Each structure stands twice: as structure tokens, then as C-alpha cells.
Protein chains: 2
Amino acid sequence: MTKKEKILEAGLKLFATEGYTATSTNKIANAAGVSEALIFRHFLSKEGLLSAIVKEGESAFKNLYTPILKESDPKEVIRLTIALPLTVPESHYEFWRLQFRLKWELQSVNHKKSQPLIDKLSWAFAELGVAHPKQEAEFLSDYLEGLASQILLGKEVNKKKTEEFLLLKYKLT
Amino acid sequence: MTKKEKILEAGLKLFATEGYTATSTNKIANAAGVSEALIFRHFLSKEGLLSAIVKEGESAFKNLYTPILKESDPKEVIRLTIALPLTVPESHYEFWRLQFRLKWELQSVNHKKSQPLIDKLSWAFAELGVAHPKQEAEFLSDYLEGLASQILLGKEVNKKKTEEFLLLKYKLT
DNA sequence: TAGATTTGTGAGTGATCACTTACATGATAA
DNA sequence: TTATCATGTAAGTGATCACTCACAAATCTA
């Protein structure tokens, strides 16, 4: 593992757990076991480091939901969407938590990021003859956002039971 | 309006829009039109100011959901809960946004704060003969959390249509 | 091997941070 | 009137902030 990678790792961990503003470059350097100056050699600025971290995680995240966009069975689309926050491996939690944190800490929000998924959900509900597919899609998306929020903030969630309940609710069993 | 109140007002606004860590006491003093030292005279520390602001808003918030806890008609309980995030006046948004921000920025989370409401919802669903009242209550609570999140982060939400959809979905019309 | 480039650091920089101190002002009360 | 006390501020404090600079060591290339 190179020192550059160690910086990225320490930055992700600290930004995700303590926040971007509250984390000093000095703290990151100590956690990574490198000199503070090396951060600026590699990433030019604190913000540059954040960008690199976010970029890294975003591609990993895309891999999680692009299969859903390609799915042609509407029931499977809903099933996979529901499973999304419940099957994210804990190893991804740090980046996931950073995403939610940044949404609130910085103004860097893109509502549109989840739009393709909402559109796909909307299509799936329409396929299944549901009355208000668009609103149903928004509804499910907002619920999953709330659920993810609870999980990341440390509320104990019985993922298995939750998934079973949702599959029943959406008649996917 | 006293200078103390001006500090509270400026603090709420800045903490809510820029975050606690990112807001300096100097910035608050300028926005309030007072000397920085006066903040410490009145509130002892930056954290003391935050506590005072949070305390102020919390009591206003309790008034919003205590009527629900006292309601005896189960349908009305659900109706009122759904209406909650959709009828909060925009004048309360600043404090509401601060609450969500703090949940992510500081570790000061209380999951238990919404527990009485979830319990009441659970009771209401049971009264109505719903199959899994507890899980339904958690589900609705998580959805409303997600919806509130979207609203506060600036996503355009058609509140009227959303409420109509929810009332239909939960058969409350 | 020699020169160029990349990777790395110790010791700074001025700016800004939360907070303090010494002192002034205005209102209240005996 | 005079003593008391809450309210207010200008001018600091050391600590920490993101970031720079001069220079060394390691690696790569011809």
C-alpha cells in the first residue's frame, strides 16, 4: 500500500466519521503516518483530497445500481432496489456515510443522482399496473433514503426482517 | 429585540445554513451586529450558544407532535403524522434543518426522540387491524424521515399532491 | 553511471479559531 | 448620591488552521 493510498484511506475514514470541516489535514497526516506536506504534494489542497476520495467511491457505487437499470423484469427491479440499502457490505459503509454527511455539510447535492433509479422504478410500477407509478417510485425512493439514514446513523435495523416485510408489502414473494 | 436575541437568531441562521463547525463566533457576532465577546458573556462558549438555540427550538417542535400522541382516533393519528412534515411552516425550516444537520455533524443523535410517535403509530395500525403494525409504523416513520430530508435539502416537493397520494395509500380519505 | 523526475519531509507562513481580560456604560436600588 | 450589578466592547491571547518552501532521498531513464 503506497503512502498516497494511505492518505486516501485515512481521509475517507476521518471525513466520514468526523466531517470534512472538522477534520484537519494534520490529523489525516498523523492517521496515515505521513508528513502533512505530502497531502498537498499529491492532492494540491484539502478539497482536492476530498474530490479524489469522492470520485473513488462514486464509481464503486455506480456498480451497485447499474445492474438494476439494465434489469428487464419489473418485479426484479423493485426487488433489487429494496435490497440495495440492505445488502451494501459494511466495508462500503464508510464511503456511504461520507456521501450522506457531505449532502448536509456541503451544498454539493445532486438530487439527480438517484433520478435514473427513480425512473426505472416508475417504469417497473407502471409495468405491474400500479395506479400511480411515478408517485410510488418517489415514495419507495424516499423511504429507502430514510432507511439508509437510520442504518448509517447507527440505529439497529433487523435487515433480514425488514427485507421480508418489504417483499411482502410489495408482493414480491 | 435584545442583543441576546439577535445572537440567537444569527446563530440559528448560520448554524443551520453553514453548519456548526464551519461557523465562527466572529461571523455570528458580525451577523448579529454585536461584539464577539458578548456571545461569551451570555452563553459562555460556542457550544453553550448551540445548546441554547437547540433548546429553544425543541420545545417549539414538541408542540407540533404532542397533539398526535393524545389523539384517540387511529385514523386521525396516521393522518396527522403524515401531515407533519408537509405542514411545518417555512418559518420553522431553519430550526428543522439545524436538527438534521446536527444529527450528521455531531454525534448528538437521539433515535429515541421519535420513539413515542412510532409507538403511537404502531398502536394506530394495530387498532385498524393491519397485519404488521410495528413494522408498518417503522416503515412510515422512515419514509417521513426521507421525505423531510428531501424537502430540507431543497428538492421540489408538491406537498399537496404528496399528501393526497399518502392519504389514498393509507386509505384515509 | 549520470541526469532527470518523482516522492518525501521539517520547518516554517500568515490567517483564523474560540476565548479572555480590562475596562466602560447604563440601569437599579439604598 | 453612591454603590451595585448587568450589559457591552476593544484589544488582545495561545492554539490551530490550510498551505508553502527549501531541500533530501529514492526511483526511473538514457
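Every chain is numbered from 1 and lettered A, B, ... according to where its sequence line falls, protein lines coming before strand lines. No hydrogens, no waters, no symmetry mates; every other heavy atom, side chains included, goes into these values. What you see is a predicted model, and the numbers here were worked out from it, not measured in a lab.
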Measure NZ/A:Lys3 against C1'/C:dT6 and give the value in whole Å, please. 14 Å

May I ask you to check whether B:Phe139 and A:Phe139 place their ring centres under 6.0 Å from each other? yes

Distance under 4.0 Å to a non-hydrogen atom of chain A counts as contact; along DNA chain D, which nucleotides mark the start and end? D:dC17 to D:dC21

Ring of A:Tyr170, cation from A:Lys75 - is the NZ or CZ under 6.0 Å from the centre and inside 45° of the axis? no

May I ask you to say what A:Lys4 touches in the nucleic acid, namely base, sugar-phosphate or nothing, with a heavy-atom cut-off under 4.0 Å? nothing

Output the rounded distance in Å from CG (B:Leu44) to P (C:dT20). 9 Å

Within residues 27-40 of chain B, which residues have any heavy atom lying less than 4.0 Å from an atom of DNA chain C? B:Glu36, B:Ala37, B:Phe40

Hydrophobic clustering (ILVMFWY, side-chain heavy atoms < 4.5 Å, transitive) - are B:Phe95 and B:Leu153 grouped together? yes

In plain terms, say whether B:Glu138 and A:Lys161 are close enough for a salt bridge, that is, a side-chain N and a carboxylate O under 4.0 Å apart. no

Roughly how many Å is it from CZ in A:Arg41 to C1' in C:dG10, rounded to a whole number? 13 Å

Atom NZ of B:Lys169 with >12 non-hydrogen neighbours under 6.0 angstrom: yes

Electrostatic pair B:Glu145:B:Lys103 at N-O distance under 4.0 angstrom: yes

Which pairs with one or both residues in residues 81-91 of chain B pass salt bridge (Lys or Arg N to Asp or Glu O under 4.0 Å), sequence neighbours excluded? none

Write down the distance between NE2 (B:His42) and P (C:dC19), rounded to a whole number of angstrom. 16 Å

Within the 4.0 Å heavy-atom criterion, would you say A:Thr23 contacts the bases, only the backbone, or no part of the nucleic acid? sugar-phosphate

Could you give the CD-to-P distance, from A:Glu5 to C:dT7, as a whole number of Å? 12 Å

Salt-bridge test for A:Glu58 and A:Lys55: reply yes if a basic N is under 4.0 Å from a carboxylate O, no otherwise. no

